[in-house]
**Q** 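Can you keep this structure in mind? I'll have questions shortly.
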Amino acid sequence: MTELLARTVSVAKQGNILVATVDNPPVNALSHSVRSGLIAAVKALESDAEAHAMVIVCDGRTFIAGADIHEFKKPMVAPLLGEVIDTLDAATKPIVAAIHGTALGGGLEVALACSYRIALEGSKVGLPEVKLGILPGSGGTVRLPRLAGVEQALAMISEGGQISARDAQEKGIVDEVVSGDLKEAAIAFTGKVIADGARLRRTSDLPVPAFDAAVLEMSRAALAKKYKGFKAPLVAVDLIKMVTETPVAEAIALEYKTCKELLVSPQSKALRHIFAAEREALKIDGVDAGVKPRDVKKVAIVGPGTMGRGIASCFLNIGIPVTLIGLTDEGLASAVRAIGKIYEGSVKRGSLSSEEMERRMALLTPTTSYDGIADVDLVIEAVTEDMAVKKDVFAKLDAVLRNDAIVATNTSFLDIEELAGSSRNPARVAGMHFFNPANVMKLLENVRAASTAADVLATTTALGKRLGKVPVMVGRSEGFVANRMLSKRTREAQFLLEDGATPLQVDRVLTAFGFPIGPFALADLAGMDIMAAARAARVARMSLREQQCNIVDRLVAAGRLGQKSGAGYYVYDENRKASHDPAVDELLEAHRKERGFTARTISDEEILERCLFAMVNEAAKILDEGAAARPSDIDVIWTNGFGFPTYLGGPMFYADQVGLPKVKAALDKYAGLVGDQYFKPAALIERLVAEGKGFYG
Ligand code: CAA
């Protein structure tokens, strides 16, 4: 008979085993009801003389995936997770955690406080708290090193990665990996535990295994480099050090205190904002959540250039066959070689087997003909950024595709409405804007036209997630959201050079802010010829000052093409290390002289404000036009597309933290200094400031 102990936890008896089942969709998070239910389950176990052991198992897609993040914003209501863990730890009969899906954060802490853990093949465990700017707060840092060793625990806690059940078994975290019916396997396992004398195994009773203290310091240095700007990974090192030196009860109390302090830190607030924002971005404005995505089993990609190759590999990675259409056999052969090279790199690094590489390459069909794609479900065109060329491709596709096949364009700035309008079936046209290199970059800017069918939008979103990308739906807008905002930062960076800043100063300020690379180092990496071509494509739509601000063209004329020619905004040594080049000072001074600018000393504050607030101002216009549905979508775009530090929450979240009145005052100041046409505060900012609100209310 099943007894409901709390809204989300029930128990049932199977012989002498009590089975506690957690059912709290979507991810069985440790909400108040689950916490109360688990304590009640242990009490039921203790009070039932016929029950000799208990299994904790979860319904739905996963074992407990952690604390309930939604409760973080409010004061926690007892019983807290620590009490649940203490109750499990103090149980006088063995408890077995039966893991499927993911046991994460508080979920793994629950499992670690049990006597035994069994896991379904394919499941994963981890302590991902660091990704939310916090650390385990209910014994995770105390128990995991005792089972897996200090080094392994530190790696998992400081980086927040997940490991497979098999790995977890090897590391001593999981006792058995099973396949088939988990509940049955857990009951069988628990039966054996009872037959063996129902031995309790408290993780907290174990000693911390010996370890090399130098490892902690080495990890600290490596983490500081890899997670520059992030606080929690370094605190993790201190915490683990403390745990290895402190008795269990005291260590648990100190761990809790540390976690509580981190929870109210600005970084945690920002990282939790991004976690929620990425999930919110999957909900398409105006499209009912019940709209089913179409099935995508086969795709074609038109255009075997840099983007087409990267996009093709994204699909091959998830086992979807790709027909790659090009104009010439040579172009296709070069694309196939380039895709092969991507995989060869992975095989060399050991992250891919050569068999898997062969499997993926076998899914690729290069062809110069459109004839063989009548049965594909989706085509992505990645041909040259020319409306006429793209329309020609659309016409060819219309002639061969099934009516329900989706046509997506990878355009980065052409008008989506015009493209959709050119199709025989505008409802099937959408944008899927990948970023270069497409096989690496997480951001996928999906674009909607007014005519795009709701299930096509649902498909591009679902597909983005399947491809391991972070998809965000945007609307019609030149450069969409990401590049439109970037172009404003690029423009300001150029104007700052005219006003007297140096490339080094601008890059230093923006990397100190938290961007992984400054705009000028990035331009040198991309290549000045590419930057010049992008500028030429837009020059007719630029303001006069922008048109005349032709520093990029001057660099190209001087043969300074960036890293590839050994010099661009910087000069590069044989190891591609950049240094300041007085020749660039001269080139800039000549430009200023010609253009009538006198260099002045520019403060770091001005550089930061002009670069960031120009973007924020443009984002406000984008929001008002409806090209982005919500400010959080813009934050997701910038943190995933251009390395805006996640611990600052994205440009819109950051602007709210600065305070919109301060942002508006800065915009007004720069409107006076640089020009109204560049810095006049957007109408949305004016309105929000007048209403005493921020982008987030
Ligand atoms: N609390 C509340 N809701 C959560 C949640 C959590 N810990 N984790 C996920 N969800 C919600 C998501 O917001 C989403 O909700 P909507 O459908 O309403 O948008 C839904 O569950 C599904 O999430 P995903 O889209 O991410 O689903 P997925 O299948 O791709 O991934 C997952 C599932 C791997 C569990 C992923 O959601 C995940 O990584 N979750 C976060 C896990 C985590 O960080 N746990 C640690 C929390 S802190 C802690 O536990 C320690 C402590 O006490 C302080």
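All residue numbers refer to positions in the sequence shown, counting from 1. When a ligand or atom number is given, it counts from 1 through the structure's own listing order. Computed from a predicted model, the values in this text were never measured in an experiment.
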**Q** Check this for me, if you would: do Arg7 and Asp23 make a salt bridge, where the nitrogen-to-carboxylate-oxygen distance has to be below 4.0 angstrom?
**A** no
**Q** Using a 4.0 angstrom limit on heavy atoms, which residues are close to ligand 1?
**A**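 For ligand 1, the residues that come within the 4.0 Å heavy-atom cutoff are Pro26, Val27, Ala29, Arg61, Ala65, Gly66, Ala67, Asp68, Ile69, His70, Phe72, Leu81, Thr102, Leu104, Gly105, Gly106, Pro128, Glu129, Leu132, Ile134, Cys259, Phe275, Arg279, Lys283, Lys465.
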**Q** Regarding Asn28 and Thr62, do their side chains bring together a donor and an acceptor under 3.5 Å, going by distance alone?
**A** no
**Q** Does the ring centre of Phe435 sit less than 6.0 Å away from the ring centre of His433?
**A**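 Yes, close enough.
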**Q** Would you say the side-chain atoms of Ser268 and Arg272 include a donor-acceptor pair closer than 3.5 Å?
**A** yes
**Q** Checking side-chain contact (heavy atoms from CB on, under 4.5 Å) against Val447, which of Leu457, Thr460, Val474, Val481 comes through?
**A**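 Among the candidates, only Val474 passes.
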**Q** Would Arg166 and Glu170 pass as an ion pair if we require N to O under 4.0 Å?
**A** no
